[in-house]
Amino acid sequence: MSTIVWQPTPVTKADRRRLNGHSSCVVWLTGLSGSGKSTIACALELALHERGVHTYLLDGDNLRHGLNRDLGFSADHRAENIRRAAEVAKLFVDAGIIVICGLISPYRRDREAARALFEPGEFIEVFVDCPVEVCKSRDPKGLYRRALAGEIKGFTGIDDPYEPPEAPDVVVRTDRMSIEACVKAILHHLEEAGRLGLQDVAAAERAAVKR
Ligand SMILES: Nc1ncnc2c1ncn2[C@@H]1O[C@H](COP(=O)(O)OS(=O)(=O)O)[C@@H](OP(=O)(O)O)[C@H]1O
Ligand SMILES: Nc1ncnc2c1ncn2[C@@H]1O[C@H](COP(=O)(O)OP(=O)(O)O)[C@@H](O)[C@H]1O
């Protein structure tokens, strides 16, 4: 039996959302290296910030410089990497912030475990879809070249798997759409889902009253 008891806090997620004037959620960008996760994450954060939305960006590469610096790229380490990122994202969502996560997150089970940490509608999975041949030709960090030369082992899309999402909330094809069009598609989804206002906070309160 656990010896740890959850401590309730007087200020709630709904209180923080109301103070911010908008809802909160995680926009989880998954896709191959070079597919465009970081580019879209930055452009999306800027667009939201300019609209007065409180945001934070968690980039897989950056997390691996600090919180996740002890992790490599085995399946177990990638699972732990995603678990930690998702737990941090959950704290940001509780803080009333729209958090954008850009991680390859190649395994469906890890993404589903991440989704399971959140309330329905809070985890928005965006498939940053781009054929591996295009990612290879972009090769923004020269990593595909090194992986193909055998200098990096277990590189996603070369000699390590990537499992595409089966039912993503949004798909952006970055080889066919401009960066602006990709951001617009995600913003449209956030608007429709009521995450840029307080609609879902009010709906959750109505549901709680009925219960
Ligand atoms: N073996 C291997 N496979 C894939 N990627 C590799 C690897 N080694 C280093 N890199 C670099 O690490 C970045 C991916 O980190 P993530 O934390 O997003 O990966 S994961 O979600 O745990 O799979 C990834 O960043 P992005 O290119 O931004 O995706 C790469 O720059
Ligand atoms: N529609 C698009 N969305 C995102 N990136 C694009 C798009 N079209 C071209 N690119 C380019 O593809 C590259 C993607 O690199 P990056 O964002 O670092 O990918 P990742 O974070 O997935 O590794 C960048 O050089 C970016 O300018």
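Numbers here are sequence positions counted from 1. Every number for a ligand or one of its atoms is a count from 1 in the order of the listing. Small disclaimer: the values here were computed from a predicted structure and weren't measured.
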Approximate separation, where rounding is to 0.5 Å, of Thr55 OG1 and Glu45 CD: 3.5 Å
Tyr56 OH: over 12 foreign heavy atoms closer than 6.0 Å: no
Exceeds 12 heavy-atom contacts within 6.0 angstrom, atom NZ of Lys13: yes
Shortest protein heavy-atom distance from atom 19 (O) of ligand 2, along with the residue and atom involved: Gly36 N, 3.1 Å
Atom 24 (C) of ligand 2: nearest protein contact (heavy atom, Å): Thr39 OG1, 3.7 Å
Location of contacts on Ser178 toward ligand 2, heavy atoms closer than 4.0 Å: backbone
Looking only at heavy atoms, what is the nearest atom pair of [X] and [Y], with distance?
X: Val126; Y: Val172; value: CG1-CG2, 4.2 Å
X: Leu190; Y: Cys25; value: CD2-SG, 3.8 Å
X: Ala89; Y: Val99; value: O-CG1, 3.7 Å
X: Gly31; Y: Lys37; value: O-NZ, 3.1 Å

Considering only heavy atoms of [X], which atoms of ligand 2 have at least one such atom less than 4.0 Å away?
X: Lys37; answer: 17 (O), 19 (O), 20 (P), 21 (O), 22 (O), 23 (O)
X: Cys182; answer: 1 (N)
X: Ser33; answer: 23 (O)
X: Pro140; answer: 15 (O)

Proximity flag Gly34 to ligand 2, non-hydrogen atoms under 4.0 Å: yes
Min heavy-atom dist Leu32 to ligand 2 below 4.0 Å: yes
Testing the 3.5 Å rule here: is there a donor-acceptor pair between the side chains of [X] and [Y]?
X: Arg111; Y: Ser105; answer: no
X: Tyr162; Y: Thr30; answer: yes
X: Thr156; Y: Arg78; answer: yes

Aromatic plane relationship, Phe123 with Phe118 - under 30° parallel, 30 to 60° tilted, over 60° perpendicular: tilted
Atom 17 (O) of ligand 2 touched by protein heavy atom at under 4.0 Å: yes
Shortest reach to atom 9 (C) of ligand 2 by a heavy atom, considering only Arg138, Glu180, Arg176, Met177: Arg138
Atom-level proximity to ligand 1, residues with heavy atom under 4.0 Å: Ser33, Gly34, Lys37, Gly60, Asp61, Arg64, Phe73, Arg78, Asn81, Ile82, Leu103, Ile104, Ser105, Pro106, Lys141, Leu143, Lys153, Gly154, Phe155, Thr156
